[in-house]
**Q** 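Let me begin by handing over the structure; questions about it come next.
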Amino acid sequence: MEFTKRLAAFRERMRREKLSAFALLHLSNLRYLTGFTGSAGLLVVQPEEAHFYTDGRYREQARLEVQGAQIHIAGPAGLYAEAAHQLARVRRIGVEAPTLTLAAAAALGGKEWKNRLYPTTGWVEQLRAIKTPDEVARLRQAAQLAASIWPRILREIKPGNRERAIAARIEFELRRSGGDGCSFEPIVATGAHGALPHARASAQELKQGDLVVLDYGVWLEGYASDMTRTAGVGRVPVQAREIYGAVLEAQLAALDTVRPGVPTPVVDGAARRVLRKHKLLRYFVHSTGHGVGLEIHENPRLGQWMRRDQPPPVLEAGNVITIEPGVYLPGWGGVRIEDMVHVTASGAEILTPTPKELLEL
Ligand code: ZN
Ligand code: ZN
């Protein structure tokens, strides 16, 4: 039922843009439109029919999962050749520009591919940004599962323990609690490592008085969660406490703006204003948040808006986003606090139940 509606919404977009065929390759989009969870597939959507191509490894899985499209198992010539056959008489074929390689373009469109393929960006991603109540329920469950292991992770925050050991504990606990694994490689960044927003967990030992940034998430039934907390290894210096307070203030200010109809740069701007007040803005080196769903980073993006030719995205009921300002001082360390948030009809539901006061463990 869900898949029928999604495909209908996608066909409506094709109709508006006068496209009679579309070839999709991006796996999260295939999953969203058909239910297929495998790692190789191609979906051709036409006004009255849809064809799903995969290879022999996924014959049975495609039969069990794919809805709304006729299934074809490609022979030795490969998925593109099979799909190209179906598309042989189509003059203009919509494709996903960010996913399509030049090799795939040539295989799909033949010699005339430059004239035949019509590049698009974000058509399915735009649909995916508005979650159904069922999707929100899965994301809520994923956020709660990740939060449920937090007390056990806190026990690992002690001098002498290594970043890597804590990352391993996070992975272990998430799987043991029923998750399908980490939605991204956990970030455990202590001391100066905390100044790298995407630090890799290393052999670095935690030291008394350090801050440690922990950013992790879980897959649950195809949906990702994402949360960050920063904790002290024992008592931390006054400066660390002050920076923590500023980041928390920025995070709460951004959260406070979340409701339908609000342009995303307004949310981002609320966090930036607080950090500017604390003279920390130049140390905030990423955007305030991102959508989360079938992928860890998806629409809408919550950052500064530099384009003059288009209005910025606006929050809509059904968006599930993160709010995650941070401050990164080179050579010193970092603080980030991240919650997952559901944009409801009237405001915001915070999906991450974990407390946010500074813990000095
Ligand atoms: Zn995160
Ligand atoms: Zn995030």
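Predicted model only: the values in this text are computed from it and were never measured. We number each residue from 1, following the sequence as shown. Ligands are counted one by one from 1 in listed order, and the atoms in each one are counted from 1 as well.
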**Q** Hey, which protein N/O/S atoms does the Zn ion (ligand 2) have under 2.8 Å?
**A** D226 OD2, H290 NE2, E324 OE2, E338 OE2

**Q** Can a salt bridge be assigned to the pair E17 and R92 using a cut-off of 4.0 Å between side-chain N and carboxylate O?
**A**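 The answer is no: the pair does not qualify as a salt bridge.
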
**Q** Taking all non-hydrogen atoms of both residues, which atom of G289 and which atom of E324 are closest, and how far apart?
**A** CA-CG, 4.1 Å

**Q** Listed by chain and number, what are the salt bridge (charged side-chain N to carboxylate O under 4.0 Å, His left out) partners of R200, not counting sequence neighbours?
**A** E185

**Q** Could you pull out all residues at least two apart from R116 that satisfy side-chain hydrogen bond (donor to acceptor under 3.5 Å, both in side chains)?
**A** none

**Q** Which residues satisfy the salt bridge (charged side-chain N to carboxylate O under 4.0 Å, His left out) test with R15, sequence neighbours excluded?
**A** E12

**Q** For a ring pair (Phe, Tyr, Trp, His ring centres under 6.0 Å) with F36, tell me which candidate from Y58, Y53, F3 qualifies.
**A** Y58

